[in-house]
Amino acid sequence: MYAAQVPKGEKTSWMTEPTSETELLERANKLAGLALGTLAARLSIPVPEDLKRQKGWVGMLLEKALGAVAASRAEPDFLQLGIELKSLPVDHRGRPVESTFVCSIALPEIADIEWEESRAWKKLRRVLWVPVQGKKEIAPADRVIGAPLLWSPGESERMVLRSDWLQLSAMIAEGRTAEITGHLGEALQVRPKAARGSSRRLAFDEDGAIYDEQPKGFYLRPSFTRALLEKHFVLPHE
DNA sequence: TATTGATCATGC
DNA sequence: GCATGATCAATA
């Protein structure tokens, strides 16, 4: 049915990994202006009424539409290209309405890792941001996809990210994870990341004693993603 | 109302 | 259980 409306060759291209940045960007540009319901119909993917029980639905949909390989791994979505795909929920002014999850924190190993070798940096060194209307008032099917941004942090952004990461990972390495809250970090913060409150993983305190604590992850604050969008797009003030 | 802490689905 | 994809919802 919908297949007849798809130009020849395009349907299969959605299923394969893009081989260049240009190809990825071309695909992403074609999605701009589309409602999620329209895209989902093309891919024969059911659309949920809301995202309460399918919080990652938008991200998964974009992955399929752009040809990312669906697999769990602590590497960028487009491995060959070294590019991470991130959907970014925005309000009517184009401002992010949520923080952006970056990566989980491997407590035992973070002590001996350099920033340049960190999971966080590997994910953030090159990101394809795809803004999507993200206000709850708009049903998922009606949310419109925005213009994509292929981004790498600039010098000042790198400094801020590195500084936050250094501070937070040092605290973890010193066994001071109990002192870490979401208040810390200018751009990068540490927050819980788990399937349930009872999830536990190994950690150690200042005396080196091992104990269980809630799994945590790095998140990008909305102020940071807002600034990077404003740097590349003209967004309304107010 | 902005932000932090809690939570949901899926795959291996 | 832990990685991926995130948003929900209580609270400051």
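In what follows, chains are A, B, ... by sequence order, proteins preceding strands, each numbered from 1.
For the pair Glu84(A) CD and dA6(C) P, the computed distance is 8 Å after rounding to whole Å. Across the protein-nucleic acid pair, Phe224(A) atom CZ and dA2(B) atom P stand 20 Å apart, rounded to whole Å. Summarising the geometry, the separation between CG on Asp77(A) and P on dG11(B) is reported as 16 Å, rounded to the nearest angstrom. Rounded to whole angstrom, the span from the CD atom of Glu179(A) across to the P atom of dG5(B) amounts to 14 Å. The nearest whole Å value for the distance from the CG atom in Leu61(A) to the C1' atom in dA9(B) is 15 Å. When rounded to the nearest whole Å, the span between CZ of Arg221(A) and C1' of dG5(B) equals 13 Å. Following rounding to the nearest Å, Lys193(A) (NZ) and dT7(B) (C1') show an atom-to-atom distance of 10 Å. The nearest whole Å value for the distance from the CD1 atom in Ile180(A) to the P atom in dG5(B) is 11 Å.
Glu75(A) comes within 4.0 angstrom of nothing in the nucleic acid, heavy atoms only. Among the protein residues, Lys123(A) comes within range of the sugar-phosphate backbone only, with heavy atoms under 4.0 Å from sugar or phosphate atoms but none that close to a base. Nucleic acid contact for Ser199(A): none, since no nucleic acid atom lies under 4.0 Å from a heavy atom of the residue.
Clustering ILVMFWY residues whenever any of their side-chain heavy atoms sit less than 4.5 angstrom apart, transitively, puts Phe233(A) in the very cluster that holds Val90(A). Ile113(A) and Trp115(A) end up in the same hydrophobic cluster when Ile, Leu, Val, Met, Phe, Trp and Tyr side chains are linked at under 4.5 Å.
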Fill in: Worked check of salt bridge (Lys or Arg N to Asp or Glu O under 4.0 Å) between Arg126(A) and Glu21(A)
CA-CA 11 Å; Arg126(A) 198 139 183 82; Glu21(A) 287 198 348; 2.5 Å; yes
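With hydrogens and angles disregarded, a donor-acceptor distance shorter than 3.5 Å links the side chain of Gln133(A) to the backbone of Val144(A). With hydrogens and angles ignored, the 3.5 Å screen pairs a side-chain donor or acceptor of Asn29(A) with a backbone N or O of Leu25(A).
Between Lys30(A) and Glu26(A), none of the side-chain N atoms (NZ, or NE/NH1/NH2) sits under 4.0 Å from a carboxylate O, so this pair counts as no salt bridge.
Among dA6(C), dT4(C), dG5(B), the nucleotide with an atom closest to any side-chain atom of Lys86(A) is dA6(C).
In terms of phosphate contacts, Thr181(A) brings no side-chain nitrogen or oxygen within less than 4.0 Å of OP1 or OP2 of dT4(B).
Residue Arg200(A) is the one, among Ala194(A) and Arg200(A), whose nearest nucleotide of DNA chain C lies closer to the 5' end (criterion: closest heavy atom). Position along DNA chain B of the nearest nucleotide to Leu184(A) versus Ser198(A) favours Leu184(A) as the more 5'-ward residue.
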Discussion item. For nucleotides 7-12 of chain C, give me one character per nucleotide, 5' to 3': B if any protein heavy atom sits under 4.0 Å from the base, S if the only such contacts are to the sugar-phosphate, - if neither.
Written reply: BBS---
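Ring geometry, Trp151(A) versus Phe224(A): the interplanar angle exceeds 60°, so the pair is classed perpendicular (tilted spans 30 to 60°).
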